[in-house]
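Structure, as structure tokens:
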Number of protein chains: 2
Amino acid sequence: MNISARCEYACRAMVELALMQQNHDPVASSVLAERRHIPEKYLVHILLQLKRAGLVQSVRGAQGGYRLGRLPEDITLLEVVQAIDGPVLDPLPVNDGQSLDLRAVWKETADSIAGELRQISIREVADRAAASPMYYI
Amino acid sequence: MNISARCEYACRAMVELALMQQNHDPVASSVLAERRHIPEKYLVHILLQLKRAGLVQSVRGAQGGYRLGRLPEDITLLEVVQAIDGPVLDPLPVNDGQSLDLRAVWKETADSIAGELRQISIREVADRAAASPMYYI
DNA sequence: ACAAAGTTGACCAGATAGGTCATAATTCGC
DNA sequence: GCGAATTATGACCTATCTGGTCAACTTTGT
């Protein structure tokens, strides 16, 4: 039960996009990679995944790059996590239809985690970072 | 971010122990394995891990087996999960000291998950199972 | 035309997970 | 004491996942 590196990287990229998109110019993946210490070649796959989920838009060609797909306050961490890692705490660990008593518990737990992550927007995380610049180096 | 099979099996075994320990006789791992559909050879490793964490006691030799280490109402799912899978949502995915803004979010999430699991005792799950026998076949 | 940048799929090495096997140590019942 | 039952332990195996790189292609601004 842990956050994958992919997921961590995806969230970093999203937050950084939120911070950099004042001028509305798209941001190159290489810039995101450098600023948030993400392996560059790896990041492009992640961005593609985010794009397919509609969480970012891309602009091809020179001066191209990525933008957030929607306003940062309208994108939740839950969406990012789910776009990268799939359903939170689901599909179930041992899918043999046994021990439904426990299954019910996991379901409740999953819902609770989702509820938490749904309340945190990319905007909020970006604001924390902006408030104390040292915070996200 | 998912519950491992190990963890699922561990929880099943604990719940089944809670259900079977009326007469105070230890329950053999083979019995637990059969009743909760857990690979028998695999379960012994898991039980050992639970024993090292103090969550079960063992009795060696013929007629031996396992008992809960404490009263089922005093053992939380959090303890079981942590004994098997280690800290919930920690150590952190990419431990490079970067993006502390996100790190703070993960920490809050981890605490929230732990809080949820800490409120569910083995006893509670066992009671659900006992209430509707079909529930845990 | 050229360079910058996204798109895509193949590839790869190491870690992890799930699970088995063999062997030893312990203890009950006869 | 013997044999069967049962836990304890570590080696081992295999398939999948994960993190990451590479190369080739497409698109587009200057």
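What you see is a predicted model, and the numbers here were worked out from it, not measured in a lab. In what follows, chains carry the letters A, B, and so on, assigned in the order in which the sequence lines appear, proteins first and then strands, with residues in each chain numbered from 1.
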Among C/dG6, C/dG19, C/dG18, the one nearest any side-chain atom of B/Pro39 is C/dG19

Assign each of A/Leu43 and A/Ala62 the nucleotide of DNA chain D bearing its closest heavy atom; nearer the 5' end lies the nucleotide of A/Leu43

- A/Glu116 side chain vs A/Ile113 backbone, donor-acceptor pair below 3.5 Å: no

Regarding the side chain of A/Ala28, the nearest nucleotide among C/dT20, C/dC28, C/dA5 is C/dA5

Among the nucleotides C/dT8, C/dC28, C/dG19, whichever has the atom closest to the side chain of A/Val44 is C/dT8

With the side chain defined as heavy atoms from C-beta on, B/His45 is closest, among D/dT21, C/dG6, D/dA11, to D/dA11

Result for side-chain contact (heavy atoms from CB on, under 4.5 Å) between B/Ile120 and one of B/Val125, B/Thr76, B/Leu78 points to B/Val125

Ordered by number, residues from residues 46-59 of chain B within less than 4.0 Å of DNA chain D (heavy atoms) are B/Leu48, B/Lys51, B/Arg52, B/Ser58, B/Val59

message: Checking the side chain of B/Glu34 only, and the main-chain atoms of B/Val31 only, is there a donor and an acceptor separated by less than 3.5 Å?
response: no

CD (A/Gln82) and CG (A/Leu117) are apart, to the nearest 0.5 Å, by 8.5 Å

Check your understanding: Contact class for B/Ser29 (heavy atom, under 4.0 Å): base, sugar-phosphate, or nothing?
Key -> sugar-phosphate

query = Ignoring hydrogens and geometry, is there a side-chain-to-backbone donor-acceptor pair from A/Arg36 to A/Tyr9 under 3.5 Å?
reply = no

Under a 3.5 Å distance rule, please check whether B/Ser112 uses its side chain to pair with a backbone N or O of B/Glu108 as donor and acceptor. no

Side-chain contact check for B/Arg60: nearest option of D/dT7, D/dA5, C/dG19 is D/dT7

